[in-house]
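On a predicted model such as this, the values are computed, not experimentally measured, just so you know. In listed order, ligands and their atoms are each counted from 1.
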Amino acid sequence: MNTGFFEGLKPAKFEGAYSNDPMAFHHYNSDEIILGKSMKEHLRFAVAYWHSFAWEGGDPFGGPTFERPWHPQDEMGRAKMKADVAFEMFDLLQNPFFCWHDADVRPEGDTLAQSISRLDEITDYFMSKMENRDVGLLWGTANMFSHRRWMSGASTNPDPEIFAYAVATVKSCMDATLKMGGQNYVLWGGREGYETLLNTNMGRELDHMGRFLHMVVEYKHKIGYKGQILVEPKPQEPSKHQYDYDAATCIGFLRKYGLENEIKLNLEQGHAILAGHSFEHEIAVAATNGMLGSIDMNRNDYQSGWDTDQFPNNVPEVALCYYHILKAGGLVQGGTNFDAKLRRQSIDAQDLIAAHIGAMDICARGLKTAAAMIEDGGLEDMLTKRYAGWDSPEAKAMLDSDFTSISEKFLARGHDPQPQSGRQEIIENYVSRFV
Ligand code: XUL
Ligand code: CO
């Protein structure tokens with residue numbers, strides 16, 4: 001039975017760039033072929049359960065602004081109503097995937113055993129709804145940051161009993177992800193970090209986190225899970241210092257603990273900004289190290305300095321992200337998860353749908369722009385020319401040589417190399433022609 005939450009709204013259709021209908025797709029045309037694959041296959045959109053259905057619209061200065069029929073979220077009947085509404089939204093958007101944390105989808109039990117049995121029950125309920133629909137799980141994850149038990153961390157908690165609680169929690173979420181055919185399992189370490197070094201043994205905590213991730217990988221193989229294991233970098237918020245600061249830090253950590261062939265990265269636009277990077281920087285760092293897994297697409301408010309998790313609306317930014325994703329071979333098993341929430345004044349059901357339609361359109365424009373730049377080949381040509389000096393056999397041989405021989409030969413040549421323009425403005429103008 002339909003809940004009626006989205007009453008009056010129809011499945012969004014592609015109507016083209018000049019349509020005046022705010023509830024239609026203007027750019028996202030799921031079956032349109034771009035560089036040999038449909039937009040749907042390239043972008044692999046996912047709805048984030050936490051922001052769309054679990055978040056109640058509170059902020060540090062005020063309580064919930066959303067009044068949803070599934071509130072308060074403390075009872076399984078209403079968790080099922082929330083799931084009914086979620087799948088009604090998926091019917092309207094035709095998004096191929098969604099993502100959840102355990103805490104988004106089921107109320108916390110009185111014991112961990114009860115929480116786990118509720119997760120089993122609700123994920124069975126999801127599966128019954130997925131049977132006759134074209135929607136899958138992009139990733140599952142455990143919320144090990146909201147409840148007070150996690151305040152000093154999960155795998156990095158000074159209390160070994162909390163470490164054990166974290167193991168049992170992640171095990172149950174991995175089991176549910178496998179059961180649902182989830183393509184990835186994500187670990188974001190919201191409280192894997194610290195507030196002050198005065199009470200923190202950093203080396204010990206890092207070793208515990210490394211061992212914990214090894215156990216995740218061991219369990220993955222034990223249960224025959226074929227999905228990707230991903231960690232999600234973020235520099236701070238909620239912890240003052242988070243161990244998974246950015247892509248480069250995570251890669252260094254994964255290499256140190258011998259996990260570089262088992263774990264990839266889930267990168268988020270807003271987290272990149274918090275770390276003082278651009279999103280394409282993070283994507284390029286992961287891609288260049290063979291560790292690009294998936295993306296959380298959103299945007300931050302550049303004025304506030306917070307992780308505001310807004311829906312994306314900046315085509316030039318998004319275009320450069322997809323340019324680097326396409327260059328790296330695409331999202332493959334990953335996807336584009338809208339880790340984005342409404343503003344707290346956007347209280348209507350229609351706002352939720354419109355936010356996703358707009359975000360899907362922005363990503364479609366970004367993808368088309370990126371594909372056009374790839375097809376034109378201008379950026380690649382400029383790179384080829386810039387590094388052309390390295391194509392000569394003498395230059396290549398230098399990389400197999402040593403300091404003494406390179407110095408001697410260079411001095412013998414008596415050459416005075418002249419600086420060459422980086423042509424940044426010309427290249428930026430080139431990019432602007434496509435956006
Ligand atoms: C928090 C964040 C999380 C992760 C999943 O900033 O991005 O929602 O994506 O735990
Ligand atoms: Co995220």
With a cut-off of under 6.0 Å to the ring centre and 45° to the axis, is Lys82 in cation-pi contact with Phe53?
no

For the Co ion (ligand 2), angle spanned by Asp296 OD2 and Glu268 OE1 (nearest 10°) is 100°

What about Phe98 and Phe90, are their ring centers closer than 6.0 Å?
yes

Could you list the atoms of ligand 1 found under 4.0 angstrom from a heavy atom of Trp139?
5 (C), 9 (O)

Would you say Asp339 contacts ligand 1, with heavy atoms under 4.0 Å as the rule?
yes

So which N/O/S atom does Asp339 have closest to the Co ion (ligand 2)?
OD2

All pairs passing ring pair (Phe, Tyr, Trp, His ring centres under 6.0 Å) where residues 129-185 contributes a residue, at least two apart
Trp50-Trp139, His101-Phe145, Phe145-Trp188, Trp150-Tyr165, Phe163-Phe212

Closest to the Co ion (ligand 2), which N/O/S atom of Glu232 is it?
OE2

Look only at the side chain of Gln242 and the backbone of Pro235, and say whether a donor-acceptor pair between them is shorter than 3.5 Å.
no

Using the benzene-type ring in the case of Trp, are the ring centres of Tyr257 and His214 under 6.0 Å apart?
no

Which of the listed options, His271, Glu232, Lys341, Glu268, holds the heavy atom that is closest to atom 6 (O) of ligand 1?
His271

Check each atom of ligand 1 against the heavy atoms of Asp296 and keep those under 4.0 Å away; list them by number with element.
9 (O)

Any donor-acceptor pair under 3.5 Å from Tyr430 side chain to Gly378 backbone
yes

For atom 10 (O) of ligand 1, the protein heavy atom that lies nearest, with its residue and separation:
His101 NE2, 2.7 Å

Which of the atoms of ligand 1 are close to Lys234, meaning less than 4.0 Å from one of its heavy atoms?
6 (O)

With a 3.5 Å distance limit and no angle check, can you tell me whether His26 reaches the backbone of Ser19 through a side-chain donor-acceptor pair?
yes

Could you list which atoms of ligand 1 come closer than 4.0 Å to a heavy atom of Asp307?
6 (O)

Is it true that Tyr225 and Tyr219 have ring centroids separated by less than 6.0 Å?
no

Proximal atoms of ligand 1 relative to Trp50 (non-hydrogen, under 4.0 Å):
8 (O)

